[in-house]
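We count residues from 1, following the sequence as given.
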Amino acid sequence: MRSCKAATGGNAVEIDATQVVVALIGLTGAALAVWADRRGRRRQESVQDAANRIAEAKQRAELKLAERKQQFEESEAERASQDRLITRLYAEIDRLEDVNTRQRGARDADRAACDRAREELVGTITQLAGMVRDEVAQEAARFAIDHAARHEQTDH
């Protein structure tokens, strides 16, 4: 191998080619280390950025999930409220149907009572009419007899 002399402030130093290669390898290693360090930092920053984006996306997803859960719970509460209202309405319908059935029964009973009273009244009126007719006939007969008797007395 060759060697070369370098001037270093008045002292001549002999540099061997092996030393140059070793120095170049050292410099290359140092450069690669700096490059790898920067690359590692960029990767770490990239990974950190990705982790931050993932954390933000997770946070947004959790907020959206909480919002949807709240909407679902409100919807379920509204549905339960509507179910209670429907149940009350059906109970009121049943109550009104019972009242209507009782009123219909009472109306039918009143109608039957009115029919019976009407029949009794017709019977009573017929009976009274017969009695009045008999009275009128008897009175007419008395009048005719009295009239005939008076007429007979005036004729004699």
Side-chain angles (χ1 to χ4, degrees), residues 1-140:
M1 280 208 204
R2 285 201 213 160
S3 65
C4 54
K5 292 185 180 181
T8 58
N11 296 334
V13 178
E14 225 176 273
I15 299 176
D16 189 341
T18 305
Q19 289 175 331
V20 171
V21 170
V22 168
L24 284 175
I25 290 174
L27 282 174
T28 304
L32 285 174
V34 168
W35 176 79
D37 184 52
R38 286 184 181 167
R39 184 173 179 215
R41 285 185 186 163
R42 279 194 307 266
R43 277 194 174 170
Q44 185 176 2
E45 289 172 357
S46 176
V47 166
Q48 187 61 43
D49 288 344
N52 289 341
R53 286 191 306 274
I54 289 170
E56 289 171 0
K58 180 181 175 188
Q59 191 174 25
R60 284 190 307 270
E62 287 173 347
L63 287 173
K64 190 175 250 183
L65 178 64
E67 181 181 315
R68 289 211 175 135
K69 184 178 179 183
Q70 179 67 28
Q71 289 172 348
F72 176 76
E73 289 172 355
E74 289 171 0
S75 172
E76 284 297 305
E78 179 66 24
R79 187 187 62 75
S81 174
Q82 289 173 352
D83 286 348
R84 287 189 301 274
L85 178 61
I86 288 170
T87 300
R88 285 197 318 262
L89 289 174
Y90 277 126
E92 183 65 12
I93 288 170
D94 289 343
R95 186 189 70 77
L96 291 174
E97 285 176 345
D98 291 344
V99 167
N100 188 30
T101 300
R102 285 193 305 273
Q103 287 178 345
R104 188 175 293 132
R107 188 174 49 240
D108 291 345
D110 287 347
R111 187 173 291 133
C114 285
D115 290 344
R116 281 191 307 275
R118 185 180 305 120
E119 289 173 9
E120 290 173 5
L121 184 58
V122 167
T124 302
I125 290 172
T126 303
Q127 193 176 28
L128 286 173
M131 289 170 59
V132 167
R133 188 184 60 234
D134 290 347
E135 281 292 319
V136 168
Q138 285 177 357
E139 193 61 36

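A distance of 11.0 Å separates CD in Glu73 from CD in Gln71, rounded to the nearest 0.5 Å. Put simply, CD on Glu76 and CG on Asp83 are 9.0 Å apart, with the number rounded to the nearest 0.5 Å. Taking CD from Gln44 and CG from Asp49, the interatomic distance works out to 10.5 Å, rounded to the nearest 0.5 Å. Rounding to the nearest 0.5 Å gives a distance of 12.5 Å between CD1 of Ile93 and CG of Asn100. The structure places CG of Leu32 at 12.0 Å from CG of Asp37, a figure rounded to the nearest 0.5 Å.
Among residues two or more places apart in sequence or in another chain, the salt bridge (charged side-chain N to carboxylate O under 4.0 Å, His left out) test is passed with Asp94 by none. Arg118 meets the salt bridge (charged side-chain N to carboxylate O under 4.0 Å, His left out) test with Asp115; sequence neighbours excluded.
If you check the side chains of Glu74 and Gln70, you find a donor sitting under 3.5 Å from an acceptor. A donor atom on one side chain and an acceptor atom on the other are not found under 3.5 Å apart for Asp134 and Gln138.
Using a 4.0 Å cut-off between a side-chain N of Lys or Arg and a carboxylate O of Asp or Glu, Arg53 and Glu56 do not qualify as a salt bridge.
The salt bridge (Lys or Arg N to Asp or Glu O under 4.0 Å) pairs that include a residue from residues 95-107 are Glu92-Arg95, where partners are two or more places apart or lie in different chains.
Here the side chain of Thr124 pairs a donor or acceptor atom with the backbone of Glu120 at under 3.5 angstrom. Checked by atom type and distance alone, the side chain of Ser46 never pairs as donor or acceptor with a backbone atom of Arg42 at under 3.5 Å.
Side-chain atoms of Asp108 and Arg111, non-hydrogen and from C-beta on, do get closer than 4.5 Å to each other.
For Gln82, the CD atom counts as densely surrounded, since its 6.0 Å shell holds more than 12 non-hydrogen atoms of other residues, nucleotides or ligands.
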